[in-house]
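This report concerns only the one structure given below.
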2 protein chains.
Amino acid sequence: MSAEKPPHATAPRLSDVARAAGVDVSTASRVLNGDAGHRVAADTRARVLAAARALDYRPNPIARALRTARSHTLGIVVPQLDNPVFAQVIIGAESAARARGYSLLIAHVGPDAASGAEVYTRLAQAHHVDGLLAASLESDAALGAALARAGVPAVVLNRRLRAVPHHVVFDSEAAARIATEHLLALGHRHIAHLAGRPRGYNGRHRIAGFRAALRSAGVRPAPGLVAAAGYTLEGGARAMQTLLAAPVRPTAVVAATLLSAAGALKALHAAGRSVPGDVSVVAIHDAEIADMLYPPLTTVRLPLRAMGARAAEGLIDLIEGRCVAVAHVLAPEGLVLRSSTAPP
Amino acid sequence: MSAEKPPHATAPRLSDVARAAGVDVSTASRVLNGDAGHRVAADTRARVLAAARALDYRPNPIARALRTARSHTLGIVVPQLDNPVFAQVIIGAESAARARGYSLLIAHVGPDAASGAEVYTRLAQAHHVDGLLAASLESDAALGAALARAGVPAVVLNRRLRAVPHHVVFDSEAAARIATEHLLALGHRHIAHLAGRPRGYNGRHRIAGFRAALRSAGVRPAPGLVAAAGYTLEGGARAMQTLLAAPVRPTAVVAATLLSAAGALKALHAAGRSVPGDVSVVAIHDAEIADMLYPPLTTVRLPLRAMGARAAEGLIDLIEGRCVAVAHVLAPEGLVLRSSTAPP
DNA sequence: GTGAAAGCGCTAACAA
DNA sequence: TTGTTAGCGCTTTCAC
């Protein structure tokens, strides 16, 4: 009511609440933390709650962290922040973490990932994160070792590691199958695949889905119609050029990711091919840029935010001992039809 | 040498270092913090340093934060993470902060920004950030009030606020001038401008630069050749459609930002106009997507990472009392010639 | 030049 | 059911 605050009001502490409620700080602490074991008298609890509200009390997370050795902070490591795919994952993870009272510290490591490994230990030791979300690109062995050294629970995104049981992955095989079946349904028979990293988790599975769809349709995949394109614009462009120079030329392409699809479009334009007139292109992954490309790109949408969210929730469950294993395989959300695919 | 670590080794504390060096914790603390006031004997300092290195000691930032009431954490608020422009700013801010021993907590608020204001107080109160970097889009008044309420130093990015003296902005007028002069040099005379938010800080200045360049070249800007496009794909497309329906049709367009340029390209393709054959397009801001569009977009590059870095450094100076005002105006880095501009 | 001691704000045994 | 007490790991007066 009469907001008679001192000019340089300092934030109210728990002891202020306790004094206002006429109880000890320990009692106030119990009430405010909803301590299940100890029962508190109803009127005491009400008085404390009222005092806390009246003072607009916010617990000091730093003091709490020091005492409990829990920072309520998660760390996520991504290779490059300026990638729409990772941006979505981060958004999903951040909302989920915040909803559970955790905050998210973001660290990005170059895709070269020479220094990648130490980021994990830095987050764990210097920033005292309670758990790690790993989306970086170093080798399985290096990542496994780095996470082990970090000494906190970790969930790996987008691949499976022998050394770290917890993961959230996409059903990449299904995604590639959906993309390929779309092209088959349009009548294409000479279909190429711009793979990411063929030895990587997603690379393998997308190739498998691509081949499976062809097989089911009775199409024998021509050798040389799978090219490694990596996850970059340049890689996609280069791989597409190779494909265009091959003896049997594809009428359609399944790109493993958005950036390589953009590179493929660039190469096709440069070669004077029309899309989808001469070549149809479909990409796995969806983001706003799909709509900015020319022509707007048909894609298979994968639940990126959900990946971030499930990983964060799983990690928090792990940290709080509420579960012992996190393993999600997320299904594709479906085909997003735009203008880059048509009958041959 | 003989790494005889206990199985569940807990992190070494300052007291461990002190004991190993045969000194008191207070002395160890002085050495490790390079306390200027107190002089420490050279050999004592050497022993402490050696012990710290031998034990691989890392100070516990949480304990330090509790004691000093400094979290060494900065908060940055951006509208949408999945925008290449903000991603670059964040990367710049993060590196600069890390280099100075600070970490960066990222919060994103929807562009609607209804809830935008409370994010600042949440970061300040609940996360105890030492300072704020504000890149969100709410009204000047709302942002000023929110930052005042947060009660920590703040630097505003990309605009100037009466209420908050500290800012880092681009020389938007120069950027628009460079873009417009490029088109004039190519021989264009009917040049349109896809403005962002015409009342906003950047919007105003970009319009001013656009007009100034035309004036200097003796070209009278036709009315109706400045359209508000906002900062989105749809906005750009809509504004371009309007321009195409206008009585005097432009042969070239200066777009205030990448996304609206992408929208303009979309609208031009839809209308069957060729770029740059019928219409040239140049955008302010540069990022990888400029190279993915068709045709690859000529842009004026602005130092995005530098903006993040300067803002973070200035904020840290403010926090540590090393300076009392931060005000940077960053010059454009120049024109990036790609394929979307040509003589009329 | 170095050590002793207090305490940042909070939680969690343990006592009463 | 509530209060007393002891710290979490660190910094910082204040003595010596």
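Below, chains carry the letters A, B, ... as their sequence lines are ordered, and counting in each starts from 1.
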Review point. Is Y57(A) near enough to dC10(C) that one of its side-chain N or O atoms lies under 4.0 angstrom from OP1 or OP2?
Key: yes
Check your understanding: Reckon T44(A) has a side-chain N or O less than 4.0 Å from the OP1 or OP2 of dT2(D)?
Key ->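 Answer yes for this pair, as a side-chain N or O of T44(A) is under 4.0 Å from OP1 or OP2.
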Review point. With P59(A), which residues qualify under side chain to side chain contact (heavy atoms under 4.5 Å, CB included), at least two apart?
Key: Y57(A), R64(A)
Revision key, fill the gap. Applying side chain to side chain contact (heavy atoms under 4.5 Å, CB included) to A311(A) and not counting sequence neighbours gives L133(A), V155(A), L157(A), V168(A)
Counting side-chain heavy atoms from CB outward, which of [options] is closest to [X]?
X      : options                  : result
S26(A) : dC10(D), dC10(C), dG3(D) : dG3(D)
S29(B) : dT12(D), dT11(C), dG3(D) : dT12(D)
R30(A) : dT2(C), dT4(D), dT2(D)   : dT2(D)
R13(A) : dG3(C), dT11(C), dG9(C)  : dG9(C)

Review point. Where along residues 59-68 of chain B does a heavy atom fall under 4.0 Å from DNA chain D?
Key: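 DNA chain D contact set from residues 59-68 of chain B: P59(B), N60(B), A63(B), R64(B), R67(B), T68(B).
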How close or far is atom [atom2] of [N] from atom [atom1] of [X], stated in whole angstroms?
X       : N       : atom1 : atom2 : answer
N33(A)  : dA13(C) : CG    : C1'   : 15 Å
Q125(B) : dG9(C)  : CD    : P     : 15 Å
L14(A)  : dT2(D)  : CG    : P     : 15 Å
R70(A)  : dC10(C) : CZ    : C1'   : 16 Å
D24(A)  : dA15(C) : CG    : P     : 17 Å

Study note, to complete from the structure: As a check of understanding: the bend across the helix from dG1(C)-dC16(D) to dA16(C)-dT1(D), end axes from five pairs, rounded to 10 degrees, works out to 40°
Point to revise | Residues forming a side chain to side chain donor-acceptor pair (under 3.5 Å) with T121(A), sequence neighbours excluded | key: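 Listed in chain order: nothing, the list is empty.
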Practice item. Using the test salt bridge (Lys or Arg N to Asp or Glu O under 4.0 Å), find all partners of R58(A) that sit at least two apart in sequence or belong to another chain. Key: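 With neighbours one apart ignored, the set is D56(A).
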**Study point:** Sequence neighbours excluded, every pair satisfying salt bridge (charged side-chain N to carboxylate O under 4.0 Å, His left out) that has a member inside residues 147-166 of chain A
**Key:**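 Those involving residues 147-166 of chain A are D140(A)-R159(A).
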Review point. Taking only residues at least two apart or on different chains, which pairs with a member in residues 65-92 of chain B satisfy salt bridge (charged side-chain N to carboxylate O under 4.0 Å, His left out)?
Key: none
Exercise for review: Mind checking ring pair (Phe, Tyr, Trp, His ring centres under 6.0 Å) for F170(A) and listing every partner two or more places apart, or none if nothing turns up?
Suggested key: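 Ring pair (Phe, Tyr, Trp, His ring centres under 6.0 Å) list for F170(A), sorted by chain: H285(A).
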Review point. Going by heavy atoms in the side chains, are L74(A) and V129(A) under 4.5 Å from each other?
Key: no
Check your understanding: Under 3.5 Å, is there a donor-acceptor pair between the side chain of S95(A) and the main chain of I91(A)?
Key ->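 Yes, because the side chain of S95(A) sits within donor-acceptor range (under 3.5 Å) of the backbone of I91(A).
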